[in-house]
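All residue numbers in this chain count up from 1 along the given sequence.
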Amino acid sequence: MMKKIRRIIVICIIGVIMFQSLCVTSFAFERSTEDKAVSSGMAYKDIQTTIEKYVEEHSKTMAGMSVAIYDENNTIYRNDFGYANKEKNCKVGKQTVFEWGSTSKLFIWVSAMQLVEQEKLKLNKDIRNYLPDDFLTNLTYDKKITMLDLMNHQAGFQEMYAGVQTSNENEVQHLEETLSAHQPKQIYEPGTVTAYSNWGAALAAYIIQRVSGMDYAEYVRYNILQPLGMKHTAVSATLQDNLWVKKQREKLGCYDIDGNKIAGKGMYYITLYPAGSATGTIDDLLLFACAITPNSKRKCPLFKNQKTLRLMYTATSYYGNSEVPNNYHGFFASQYGVETLGHGGNTFGCSTMLQFDPQSGIGMVVMTNQAHEQTYNYKMYEFIFGKFADSELAQRKREVPKGLVVSARTVEKGPFSVFGSLGLLSYSEEDLNSWWYQEGKCIYGGYGDYFIATEKLILNLVSILFFALAGIYGVITIIGGGLICLPIQKAMKKKKGIAIIDDPFRKWNYVTSGIIAAIFIDFLVMIMRLGKGIITGEIGTITSYVMQSRAIAIMSILLIVCLVLGFVHWIKKSIDTTKTGKIKYCITVFMAICMLVNIVIFDMYQFWAI
């Protein structure tokens, strides 16, 4: 009996000791956690309150949002807010999927580095060695393009507007067919200008496909998703590689920055899919982010040799001639209080951001179902990484650029080149709070370069104004004069018994004005379609824009014929008309010439170049 009592006493003493040890360990862990702080200096214990207060302050414009913050050890904070679908009262949760947008490009660059590690791909080798013969058909410069150029967005390609996505799943082609059919013009010498290019990134993915011998989506699945256990992420254009994700995506509602439902179909298939079609849950994105963030306590599971990870995070481009890095093998550097690496992404329904501090191992991922969202995908990151004012770039002397500027991410050749001149911007004192650096006439920005507008660009803008003036003149003449005033005038003369004398030059005037008006309306419809498409995603097919450009080409020929015939009759004086009639026709001829000059300057007739 006494032995049993002694055993019980011993067990109780051991239990008390273990409990006290556990309490001390737990207290020590809590205390160490409380002592910890993120890169901005904010204590771990204050993160939840700070973020939830911030979300509450912006709740009126919120749709749905997921956020996760992590360090080398574990997840510091993870939460969901708002609605995945407001109309169906469906809240954001663990099974909510969001579109990654351009954050998808990180798959491309990680895949490329894996192949570099396997010695199957060289970053400084001419990419034509990895492509089919004569694959690139729109090059301007003889200088080689390398994988590094594609990573830095310095291959020199102009922007693409049409054909980047479709609402019809059946219109999606294989990656090789998409890249081959519509190649943007090379407008910059490789390695000289940072002009963000989705086409260039998709080309890099195609090279990965060629080098690895696997379909790109299949390669990513076997070499990134499966090793990391990312079971709730799709990569392909149609999301057919993960039907669960596709089904969840169909449930998602998409909204603008004010939280209003976006008009249009709401779900689009990106034809250059490696550049922006990845879709999945925040927890999967968190797995990927933790894997690629440098960690002193564990190895990156995506590389056999950790030297590859270190190589990936060496700078490959800078803000001009400064020593401030801009790009690390495809990972853009963001200038918060500390420099972070990662990539943001936008689709026509979602916004995503992945950023991490490679020095501390602290990172943050945010996903929302709002297009072009910045409240959470940009500003909220300051709580974790600090403000730009404390960055290395902000300490450099900078002045507000004078005059107008234009983005290097533009179109200079083909029917859409007119939009390059319409995209003139200007900087103000407020822009000193964002990351850019000026050297001479070039402004180096976070995701691309800008140029001080040249006299040519200013003249182009003036030329566009004359184009618009000519178009308005044509519309007023044909509608106001030909369809309204002329019939009324004839009716009044007939009523008074006055003889109606046909004025041949008036007919030529109306025909010419009608063609001018038709060209202007065609162009106006093109602008309106693109403008609407930028907001709703309903950009339209390349074929439809080719048809519009072809119509402009045909009408331009008709306009030239009208001018030539009119001039011939004028010289021969075979048509009698009043002095007023001749003056009106001279004005119409001037407007027609203005129209034709703009059509030539901006390649509006080059339907084959769309």
Identify the two heavy atoms, one from [X] and one from [Y], that lie closest to each other, and give their separation to 0.1 Å.
{"X": "Thr192", "Y": "Glu189", "result": "OG1-O, 2.5 Å"}
{"X": "Tyr255", "Y": "Ala63", "result": "CD1-CB, 3.5 Å"}
{"X": "Asp149", "Y": "Pro190", "result": "OD2-CB, 4.0 Å"}
{"X": "Tyr196", "Y": "Ser102", "result": "OH-OG, 2.9 Å"}
{"X": "Ser277", "Y": "Val235", "result": "OG-O, 2.8 Å"}
{"X": "Phe157", "Y": "Ala195", "result": "O-CB, 4.2 Å"}

[Y] versus [X], side-chain donor and acceptor atoms under 3.5 Å:
{"X": "Asn346", "Y": "Ser351", "value": "yes"}
{"X": "Glu439", "Y": "Asn321", "value": "yes"}
{"X": "Thr293", "Y": "Tyr70", "value": "yes"}
{"X": "Asp80", "Y": "Ser66", "value": "yes"}
{"X": "Gln158", "Y": "Arg409", "value": "no"}
{"X": "Tyr328", "Y": "Ser317", "value": "no"}

Please round to the nearest 0.5 Å and tell me the distance separating atom [atom1] of [X] and atom [atom2] of [Y].
{"X": "Leu302", "Y": "Thr308", "atom1": "CG", "atom2": "OG1", "result": "11.0 Å"}
{"X": "Leu123", "Y": "Met113", "atom1": "CG", "atom2": "CE", "result": "5.5 Å"}
{"X": "Leu148", "Y": "Lys125", "atom1": "CG", "atom2": "NZ", "result": "14.5 Å"}
{"X": "Leu150", "Y": "Lys105", "atom1": "CG", "atom2": "NZ", "result": "12.0 Å"}
{"X": "Glu171", "Y": "Thr541", "atom1": "CD", "atom2": "OG1", "result": "6.5 Å"}
{"X": "Thr103", "Y": "Leu354", "atom1": "OG1", "atom2": "CG", "result": "6.5 Å"}

Tell me if the aromatic rings of [X] and [Y] count as close, with their centers under 6.0 Å from one another.
{"X": "Phe356", "Y": "Tyr313", "value": "yes"}
{"X": "Trp436", "Y": "Tyr427", "value": "yes"}
{"X": "Tyr447", "Y": "Phe332", "value": "yes"}
{"X": "Trp435", "Y": "Tyr378", "value": "yes"}

Give a yes or no on whether a salt bridge exists between [X] and [Y], defined as a side-chain N under 4.0 angstrom from a carboxylate O.
{"X": "Arg249", "Y": "Glu99", "result": "yes"}
{"X": "Glu169", "Y": "Lys246", "result": "yes"}
{"X": "Asp283", "Y": "Arg78", "result": "yes"}
{"X": "Arg221", "Y": "Asp241", "result": "yes"}

Is there side-chain contact between [X] and [Y], with heavy atoms separated by less than 4.5 Å?
{"X": "Val97", "Y": "Leu252", "value": "no"}
{"X": "Ser549", "Y": "Gln606", "value": "no"}
{"X": "Val406", "Y": "Leu425", "value": "no"}
{"X": "Phe602", "Y": "Phe523", "value": "no"}
{"X": "Leu393", "Y": "Phe388", "value": "yes"}
{"X": "Val418", "Y": "Ile464", "value": "yes"}
{"X": "Tyr216", "Y": "Tyr206", "value": "no"}
{"X": "Pro325", "Y": "Glu339", "value": "yes"}

So, does [X] use its side chain to make a donor-acceptor pair with the main chain of [Y] at under 3.5 Å?
{"X": "Glu117", "Y": "Lys304", "result": "yes"}
{"X": "Glu119", "Y": "Val116", "result": "no"}
{"X": "Tyr269", "Y": "Leu239", "result": "no"}
{"X": "Asp284", "Y": "Gly280", "result": "no"}
{"X": "His232", "Y": "Gln95", "result": "no"}
{"X": "His343", "Y": "Leu106", "result": "no"}
{"X": "Asp258", "Y": "Asn260", "result": "no"}
{"X": "Gln370", "Y": "Cys254", "result": "no"}
{"X": "Thr140", "Y": "Gln186", "result": "yes"}
{"X": "Glu373", "Y": "Tyr376", "result": "yes"}

- request: Please lay out, stage by stage, how Met380 and Val366 fare under the test side-chain contact (heavy atoms from CB on, under 4.5 Å).
  value: CA-CA 9 Å; Met380 193 164 71; Val366 171; 3.9 Å; yes

task: Report the relative orientation of the aromatic rings in Tyr188 and Phe451; use parallel for angles under 30°, tilted for 30 to 60°, perpendicular for over 60°.
output: tilted

- prompt: side chain to side chain donor-acceptor pair (under 3.5 Å) with Gln154: which of Asp449, Thr146, Thr316, Thr194?
  reply: Thr194

task: State which residue, out of Gln359, Gln335, Gln355, fulfils the side chain to side chain donor-acceptor pair (under 3.5 Å) condition with Thr340.
output: Gln355

Over-ring placement of Arg210 relative to Tyr130, 6.0 Å and 45° cut-offs: no

Within 6.0 Å of [atom1] in [X], more than 12 heavy atoms from elsewhere:
{"X": "Lys143", "atom1": "NZ", "answer": "yes"}
{"X": "Ile542", "atom1": "CD1", "answer": "yes"}
{"X": "Lys261", "atom1": "NZ", "answer": "yes"}
{"X": "Lys413", "atom1": "NZ", "answer": "no"}
{"X": "Asn168", "atom1": "CG", "answer": "yes"}

- request: Please step through side-chain contact (heavy atoms from CB on, under 4.5 Å) for the pair Tyr219 and Gln209, ending with a clear verdict.
  value: CA-CA 8 Å; Tyr219 178 91; Gln209 186 169 292; over 6 Å; no

field: Steps toward ring pair (Phe, Tyr, Trp, His ring centres under 6.0 Å) verdict (Tyr444, Tyr318)
entry: CA-CA 9 Å; Tyr444 302 93; Tyr318 297 82; over 10 Å; no

field: Pair Phe416-Tyr161, ring pair (Phe, Tyr, Trp, His ring centres under 6.0 Å): steps then yes or no
entry: CA-CA 8 Å; Phe416 291 136; Tyr161 291 129; 5.7 Å; yes

task: With side-chain contact (heavy atoms from CB on, under 4.5 Å) as the test, would you mind laying out the steps for Gln438 and Ile452 before giving the verdict?
output: CA-CA 10 Å; Gln438 182 179 5; Ile452 300 296; 4.1 Å; yes

